[in-house]
Amino acid sequence: MGFTGYENKDAGSWSTAKDTYNSFGNNRGKSAFFNDRGNSSRGRFEHGGFGGGGGNSRWVEEPRDDGDWSKPTPRNERLEHELFSGSNTGINFEKYDDIPVEATGQNCPRHIESFQDVDMGEIVMGNIALSRYTRPTPVQKYAIPIVKSKRDLMACAQTGSGKTAAFLLPILSQIYTDGPGEALNAAKASGQVSNGKYGRRKQYPISLVLAPTRELALQIYDEARKFSYRSRVRPCVVYGGADIGQQIRDLERGCHLLVATPGRLVDMMERGKIGLDHCKYLVLDEADRMLDMGFEPQIRRIVEQDTMPHKGVRQTMMFSATFPKEIQILARDFLEEYIFLAVGRVGSTSENITQKVVWVEESDKRSFLLDLLSATGKDSLTLVFVETKKGADALEDFLYREGYACTSIHGDRSQRDREEALNQFRSGKCPILVATAVAARGLDISNVKHVINFDLPSDIEEYVHRIGRTGRVGNLGLATSFFNDKNGNITKDLLDILVEAKQEVPSWLESLAYEHQHKSSNRGRSKRFSGGFGARDYRQTAAGGNTGGFGGRGGRNQTGHGGTRGFGGGGFGNFYTSDGYGGNYSHSQVDWWGN
DNA sequence: AAAAAAT
């Protein structure tokens with residue numbers, strides 16, 4: 001227990017940060033951002049708190065709400081070390097330069113090429129430098145100026161594209177510029193602030209970020225802590241499975257930016273701990289996933305049936321890997337005159353992941369896995385995906401008995417165990433992690449050498465997300481999938497992915513895909529798109545122009561109805577057909593699971 | 001025939 005003292009192991013990086021900062025911010029004159037060596041007089045250490053990311057303790061700022069929000073608060077070396085010395089979760093930007101981005105909508109702001117191209121203020125620029133971000137990723141190049149110019153945004157982008165920073169940086173920058181505004185008065189009316197003590201009954205966050213899974217919420221929160229370093233903004237996170245009392249106490253210390261999973265947030269609202277009256281920035285992350293998980297009622301409750309400012313008053317950003325009809329409807333309801341951003345796929349276009357598909361019968365999977373593991377270096381991180389929670393437990397047990405240091409993560413484990421498993425995996429203490437779908441999306445674990453699909457998913461999007469856990473930060477990655485006759489439904493899509501990523505295709509897979517295509521009708525139709533985009537702005541082709549009204553009948557069916565799609569062909573049509581059901585995506589999901 | 005998520 002206890003925290004390690006601050007050690008300036010990384011002295012070089014501070015000066016790098018300083019240089020980067022100075023090259024930008026010298027118009028403001030001499031800044032105190034990196035020169036102030038004084039200890040902050042406020043704040044304290046919190047031991048064993050929830051959501052502390054890696055450590056057992058963390059420095060907790062106690063921001064004063066008054067004063068100039070655009071000016072950095074004093075430096076705190078210990079906090080700085082805690083926030084920025086961790087493994088670099090940044091992206092190798094060069095690798096991502098060829099990812100195509102398409103921005104559509106009226107008066108779309110021009111994209112930037114460097115973080116210096118838009119004025120985000122000295123706090124944000126300082127934290128960008130401390131995070132060692134050199135250049136914006138494609139989604140950041142486009143999203144940052146869009147958000148900065150106060151436009152609503154619908155972005156189709158996957159995790160791993162740098163989208164968390166793409167919305168956090170401009171939102172925080174805007175908050176620093178504008179100050180707390182109404183939120184401060186509300187907080188004062190609600191309790192204290194003036195005397196600087198705890199005990200506010202109700203918090204009025206200026207920005208709200210909704211995420212589908214608890215771990216993802218935690219990860220976004222960790223990013224928010226970095227980018228709000230030396231500011232008056234205090235980020236908080238709330239999610240289920242953790243002690244609510246502790247979360248409430250954390251909220252009561254001040255909350256300007258809240259990251260939440262929907263269920264727990266509704267709970268907090270009903271308890272009167274959170275008011276959304278002054279929420280100026282709303283982000284829905286992984287929106288398609290949230291709908292898949294049945295969060296729509298909670299989301300609508302939060303956005304439409306409470307005190308949240310109306311669309312057009314607040315600024316709303318939606319992120320989604322796909323753009324099926326349900327998401328289009330949500331976009332119509334939540335967004336005003338939005339810019340649509342389509343960002344090319346990261347996982348499949350990146351050739352630094354070697355994808356292998358091997359035929360393995362169910363009964364042979366375990367021994368095959370052992371062979372793979374024994375061929376892998378002892379310390380390299382291996383992520384093994386299975387389809388069910390029971391399967392995860394059983395496989396973890398098996399590997400443990402075989403003498404492997406492994407752990408597991410799935411929805412039936414306690415939140416504490418889930419977070420511990422993740423930490424043990426990240427740190428290399430347990431270099432093998434057996435996981436269900438909970439770990440497929442969003443989680444940023446660097447240095448995963450090998451992703452093994454012990455069970456293949458039935459959904460190609462899920463596959464792309466899973467293999468995207470490796471090959472990050474420009475590293476080489478390996479993804480091995482066990483395929484057998486239970487995986488017929490993914491054959492065609494898997495083949496498409498392998499071809500697109502220029503991977504070796506087993507001949508049996510090719511012939512299987514050929515057979516499958518002739519057997520199946522609409523259902524087997526590919527959900528993927530040519531051109532590497534996850535989706536497209538349906539407004540461009542919908543009758544009535546691009547001002548947004550999704551009439552339900554306005555859209556044109558581009559593909560024709562029920563036609564067979566040739567190999568690799570297609571285009572974008574199947575997400576915005578005008579028939580009663582719209583997207584083929586949702587349709588096949590409904591058919592498959594029967595709900 | 002599943003996983004995830006408020007209790």
Side-chain angles (χ1 to χ4, degrees), chain A residues 50-51 159 209-220 237-248 251 258-274 284-302 305-306 320-321 326 362 383-396 408-419 421-422 433-443 453-463 465-466 469 484-490 523 586 588-595:
Chain A
F50 72 94
T159 346
V209 181
L210 291 176
T213 68
R214 299 161 181 176
E215 281 78 10
L216 186 55
L218 201 46
Q219 190 174 290
I220 297 169
V237 62
V238 298
Y239 52 77
D243 178 21
I244 195 167
Q246 213 166 8
Q247 290 181 356
I248 289 172
L251 286 175
L258 180 62
V259 187
T261 49
R264 179 54 66 92
L265 174 60
V266 168
D267 195 356
M268 288 291 188
M269 287 159 58
E270 281 166 0
R271 287 168 189 247
K273 299 299 172 191
I274 289 290
L284 304 188
D285 201 7
E286 307 260 350
D288 50 355
R289 184 92 196 277
M290 287 204 275
L291 293 197
D292 282 351
M293 288 164 56
F295 276 142
E296 184 165 0
Q298 287 99 316
I299 291 173
R300 288 197 180 272
R301 160 103 172 66
I302 292 162
Q305 288 146 40
D306 213 86
S320 181
E326 296 88 329
E362 285 304 311
L383 184 49
V384 185
F385 280 107
V386 295
E387 202 52 14
T388 65
K389 296 181 276 200
K390 260 172 106 171
D393 281 337
L395 191 59
E396 183 201 358
S408 71
I409 182 166
H410 62 70
D412 274 356
R413 300 201 69 189
S414 75
Q415 191 54 30
R416 205 178 154 277
D417 288 348
R418 280 164 59 163
E419 281 161 36
L422 217 47
L433 178 66
V434 182
T436 59
V438 68
R441 299 190 191 214
L443 293 188
N453 282 309
F454 190 86
D455 301 317
L456 267 166
S458 53
D459 176 3
I460 195 66
E461 294 293 338
E462 174 78 14
Y463 173 84
H465 277 291
R466 286 184 183 183
R469 296 314 98 201
N484 61 37
D485 45 21
K486 282 170 72 185
N487 305 116
N489 47 65
I490 202 178
R523 185 178 300 184
S586 57
S588 62
Q589 289 286 82
V590 168
D591 283 351
W592 188 256
W593 296 113
N595 55 18

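Quick note on labels: first sequence line is chain A, next is B, and so on, each numbered from 1.
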NZ/NE/NH1/NH2 to OD/OE distance under 4.0 Å, A/K389 and A/D393: no
Touch class at under 4.0 angstrom, heavy-atom based, for A/R271 against every strand present: nothing
Integer-rounded Å distance: B/dA3 P and A/D288 CG: 19 Å
Nucleotide B/dA6, atom P - distance to CE of A/M269 in whole Å: 14 Å
Length of the CG-P vector between A/L456 and B/dA2, whole Å: 17 Å
Distance, nearest 0.5 Å, that separates CG of A/N484 from CD of A/E362: 4.5 Å
Per A/R214 side chain, nearest of listed nucleotides B/dA6, B/dA4, B/dA3: B/dA6
Selected nucleotide, minimal atom distance to A/T388 side chain, candidates B/dA4, B/dA6, B/dA2: B/dA2
Any A/R418 side-chain N or O less than 4.0 Å from OP1/OP2 of B/dA5: yes
Presence of A/T213 side-chain N/O under 4.0 Å of B/dA5 phosphate oxygens OP1/OP2: no
Between P of B/dA5 and CD of A/Q415, the distance in whole Å: 7 Å
A/E270 CD - B/dA6 C1' separation (whole Å): 9 Å
Minimum-distance nucleotide (side-chain atoms of A/K389 versus B/dT7, B/dA4, B/dA6): B/dA4
Between P of B/dA6 and CE of A/M293, the distance in whole Å: 8 Å
side-chain contact (heavy atoms from CB on, under 4.5 Å) against A/Q415, all qualifying residues, sequence neighbours excluded: A/R214, A/E215, A/Y239, A/R418, A/E419
Sugar-phosphate, base or nothing in reach of A/G241, heavy atoms under 4.0 Å: sugar-phosphate
Gap between atoms CD1 and P, on A/I274 and B/dA6 respectively (whole Å): 15 Å
For A/K390, all residues meeting side-chain contact (heavy atoms from CB on, under 4.5 Å), sequence neighbours excluded: A/T388
A/R289 side chain to A/T213 backbone, donor-acceptor under 3.5 Å: no
Spacing between A/E387 atom CD and B/dA4 atom C1', to the nearest angstrom: 13 Å
